[in-house]
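Single-structure report; data block below.
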Amino acid sequence: MGRLDGKVAMVTGAAMGLGEETCRVFAKEGAKVMITTGKSVQAAQMVVDEIRKDGGDAAFIQLDVRKEEEWHRALEQTIRTFGKINILVNNAGIAIGKNVEEATLDSWSLEMDVMATGVFLGTKYAIKYMKENGENCSIINISSMEAIAAESIWFSYCAAKGAVRTLTKSAALHCGGKRYKIRVNTVYPGYIHTPMNEKAAKDLGLSLEEYYGDALTRHPIGYIGKPKDIAYANLFLASDESLFITGADLCVDGGYTAQ
Ligand code: NAD
């Protein structure tokens with residue numbers, strides 16, 4: 001028996017990195033998975049093909065999380081394809097390495113649009129469709145340890161991830177108060193090796209060793225995380241094993257925020 005048997009999940013920004021791994025783990029545990037992707041259509045199709053080859057059930061749809069009308073289309077397509085939605089992981093994100101003096105209105109707005117507005121829209125519209133099915137549902141919002149222990153280089157990123165923390169708690173209180181069977185929680189990854197960090201290192205003109213070398217000193221566990229570390233935390237929050245957990249903060253950061 002899979003830990004997500006009978007459930008339908010949607011994951012944003014899922015053609016690579018943490019979203020991709022989350023989709024693979026969810027499918028292995030019995031969920032039908034709608035992979036959503038901004039631009040990486042080919043990569044998303046590959047993830048779908050591989051999940052199906054392994055006996056899972058998956059499809060993909062394009063969704064720019066900043067666009068309200070695309071949320072309706074993606075959620076309705078998920079319900080047409082798989083009959084309902086039980087799990088949403090608001091995972092899509094970007095990281096722009098600019099401090100408060102370097103940040104521009106454009107770089108600020110882009111990060112806020114993708115990671116604060118995108119999570120707002122996903123949470124709002126997932127609730128709309130989830131409350132109709134009357135089943136146990138779970139929304140998982142991916143923040144970052146940067147929401148708790150900031151770094152100067154990720155100014156707008158820290159702000160967007162901070163917004164995720166409190167919008168999640170407010171939505172959890174609302175759903176609880178309404179007695180919807182919808183839980184809303186936040187996951188805070190530490191540094192995890194994904195394409196996001198590869199790009200960030202390149203943008204900062206650093207080798208991966210230099211980039212992670214500095215980050216490593218802030219992870220008491222002594223290594224940089226792997227996508228599976230986050231995927232399994234997401235799995236727990238997605239499953240009915242966590243039914244009494246809502247509005248919670250789950251740090252998956254090798255001790256980064258314990259200091
Ligand atoms: P990634 O770059 O590997 O994947 C992120 C995905 O989001 C990409 O496919 C990208 O195309 C997509 N995306 C960007 N803008 C989008 C938009 N407007 N609409 C739809 N999709 C969009 O990154 P990742 O490392 O897998 O990160 C996943 C999440 O985890 C992000 O929210 C990130 O901020 C968070 N996070 C990552 C780390 C880390 O070290 N990797 C640490 C803390 C938090």
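Quick note: numbers below take in every heavy atom, side chains included, and nothing from hydrogens, waters or symmetry partners. Just follow the structure's listing: the first ligand is 1, and inside any ligand the first atom is 1.
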(message) Looking at R52 and A58, would you say the former's side chain and the latter's main chain have a donor-acceptor pair under 3.5 Å?
(response)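 Side chain of R52 to backbone of A58, a donor-acceptor pair under 3.5 Å: yes, one is there.
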(message) With a 3.5 Å distance limit and no angle check, can you tell me whether S107 reaches the backbone of T104 through a side-chain donor-acceptor pair?
(response)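 A pair under 3.5 Å: yes.
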(message) Run the salt bridge (Lys or Arg N to Asp or Glu O under 4.0 Å) test against K84 and tell me which residues pass, sequence neighbours left out.
(response)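 Expected list: E135.
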(request) Compile the protein residues with any heavy atom at a distance under 4.0 Å from an atom of ligand 1; present them by chain, then by number. (result)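 Ligand 1 is contacted, at a heavy-atom distance under 4.0 Å, by G13, M16, G17, L18, G38, L63, D64, V65, R66, N91, A92, G93, I94, V114, I142, S143, S144, Y157, K161, P189, G190, Y191, I192, T194, P195, M196, N197.
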(request) Establish, from distance only, whether the side-chain atoms of E68 and Y125 form a donor-acceptor pair under 3.5 Å. (result)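 Side chains of E68 and Y125: pair found under 3.5 Å.
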(message) We want to know whether E76 and Y129 form a side-chain donor-acceptor pair, criterion being a heavy-atom distance below 3.5 angstrom.
(response) yes
(message) side-chain hydrogen bond (donor to acceptor under 3.5 Å, both in side chains) for S109 and D113? Distances and angles first, verdict last.
(response) CA-CA 6 Å; S109 300; D113 285 352; 5.7 Å; no
